[in-house]
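Taking it in order: structure first as structure tokens, then the write-up.
So that the names make sense, note that chain A is the first sequence line, chain B the second, and so on, each numbered from 1. Just so it is clear, the model here is predicted, and its values are computed rather than measured.
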Amino acid sequence: MKIGYPCINRTVDCSGNKTFRLKSYSKDRLVQTIENNLSCLLKILKFNIVNNILFFRITSDLIPFASHPICTYNWQEHFLSKFVEIGSIIKNYNVRISMHPDQFIVLNSIKPEIVDRSIAELKYHAQVLDLMNLDSTAKIQLHVGGIYNNKQKSLERFCENYNSLDRSIKSRLVIENDHRLYCLKDCLKIHEKTGIPVLFDVFHNKIFNCGESIKDSYSLFSKTWDKSDGLPMLDYSSQKPGKTAGVHAEAIDKKDFLRFLETTKSFDFDIMFEIKDKEKSVLRIMEIVKSDPRFIILNEVRI
DNA sequence: TCACGTCAAGCAGAT
DNA sequence: ATCTGCTTGACGTGA
């Protein structure tokens with residue numbers, strides 16, 4: 001069991017998700033931005049390792065415009081040695097990696113051009129992980145997509161489009177229950193048809209579910225992960241008090257999380273904290289869970 | 001140097 | 001018709 005956080009670290013003195021406007025695109029600007037983002041990613045990973053944070057979500061902004069037609073530069077080759085270096089650190093310290101393409105990626109869209117763009121973006125994500133030589137336990141998590149007034153048809157369209165994907169994408173793609181359209185049960189249906197693993201979002205499930213009992217949820221989603229997929233992944237967050245349902249909290253609610261650990265003590269998975277203050281909440285929780293035998297702890301790491 | 005409108009891209013429900 | 005939330009900031013123009 002590992003605990004991680006997504007994309008951004010506010011403690012290190014760099015920003016690993018720098019980008020620029022499409023209007024100001026140039027090869028030089030691209031190279032310079034990627035250079036910054038990759039160096040910062042390495043810095044964040046080292047920070048994480050020293051602090052026993054062994055799960056991390058890499059930002060989709062790593063390579064700006066990677067799947068946009070404007071980007072014809074071979075960044076893959078130009079930065080190959082950097083990718084390999086980062087990948088070695090990840091593997092040497094047994095770090096778990098995920099990525100989460102953003103809301104524009106809709107594999108079950110009714111518009112073919114959106115599906116095409118989405119596949120191009122998935123290809124970019126898979127490529128990043130491939131260039132780092134990571135195995136199939138490094139995952140790309142995606143929501144099922146839209147409903148378009150017909151959930152059954154839209155669900156089937158997801159399965160068809162998933163089946164047509166390259167092996168390199170399929171081996172990394174997992175689906176996640178969202179907070180208003182596709183519940184855990186829907187995702188499990190898709191798993192039955194395609195074999196795709198299901199990532200469980202505890203917070204989304206609280207806001208929107210199809211009546212699955214909490215206890216069942218953990219064993220049901222865990223079973224969708226094969227040995228080659230690694231430990232099941234789970235997204236965890238708390239509601240920001242006084243905000244509309246679905247808004248993520250600023251910091252982790254310690255009591256709520258300890259209760260969660262208690263109810264799930266017969267399971268093992270990797271937990272992603274979707275919390276605004278990122279690594280700070282993870283560090284606070286790490287202090288508490290250090291003694292929990294389920295957690296993987298590195299001792300006295302120098303890097 | 002700073003504030004703030006806007007940024008490649010989608011969807012659906014709320015306002 | 002427009003805004004909100006989604007992993008979220010950060011770019012860059014205008015003063």
TODO: Select base, sugar-phosphate, or nothing to describe what A:Gln103 touches, counting heavy atoms under 4.0 Å on all strands.
DONE: base
TODO: Provide the distance between the two C1' atoms, one in B:dG5 and one in C:dC3, to the nearest whole Å.
DONE: 15 Å
- [ ] Kindly write out the residues that satisfy side-chain contact (heavy atoms from CB on, under 4.5 Å) with A:Arg284, not counting sequence neighbours, or none if the list is empty.
- [x] A:Ala251, A:Ile252, A:Asp277, A:Lys280, A:Ser281
Open item on the list: Measuring to OP1 and OP2 of C:dT7, would you say a side-chain N or O of A:Ser237 lies under 4.0 angstrom away?
Closed with: no
Task: Footprint string (nucleotides 1-8 of chain B, 5' to 3'): B base within contact, S backbone only, - free, heavy atoms under 4.0 Å - done: -----BBB
- [ ] Check every strand shown and say whether A:Thr59 touches a base, only sugar-phosphate, or nothing at a heavy-atom separation below 4.0 Å.
- [x] nothing
TODO: Please state whether the phosphate of B:dA9, meaning OP1 or OP2, lies under 4.0 angstrom from any side-chain nitrogen or oxygen of A:Ser118.
DONE: no
TODO: Decide, applying a 5.5 Å centre-distance limit and a 30° plane-angle limit (both strict), whether A:Phe104 stacks on B:dG10.
DONE: no
Task: Co-membership, hydrophobic cluster, residues A:Ile114 and A:Phe158, 4.5 Å side-chain - done: no
Task: Minimum-distance nucleotide (side-chain atoms of A:Arg29 versus C:dC11, C:dG5, C:dT7) - done: C:dC11
Task: C:dC11 OP1/OP2 closer than 4.0 Å to side-chain N/O of A:Ser24 - done: no
Open item on the list: Can you list every stem that DNA chain B is part of, counting only runs of 3 or more consecutive Watson-Crick or G-U wobble pairs with both distances under 3.5 Å?
Closed with: B:1-7 with C:9-15, B:10-15 with C:1-6
- [ ] Taking only the side-chain nitrogens and oxygens of A:Tyr5, find out if one of them lies under 4.0 Å from OP1 or OP2 of C:dT7.
- [x] no
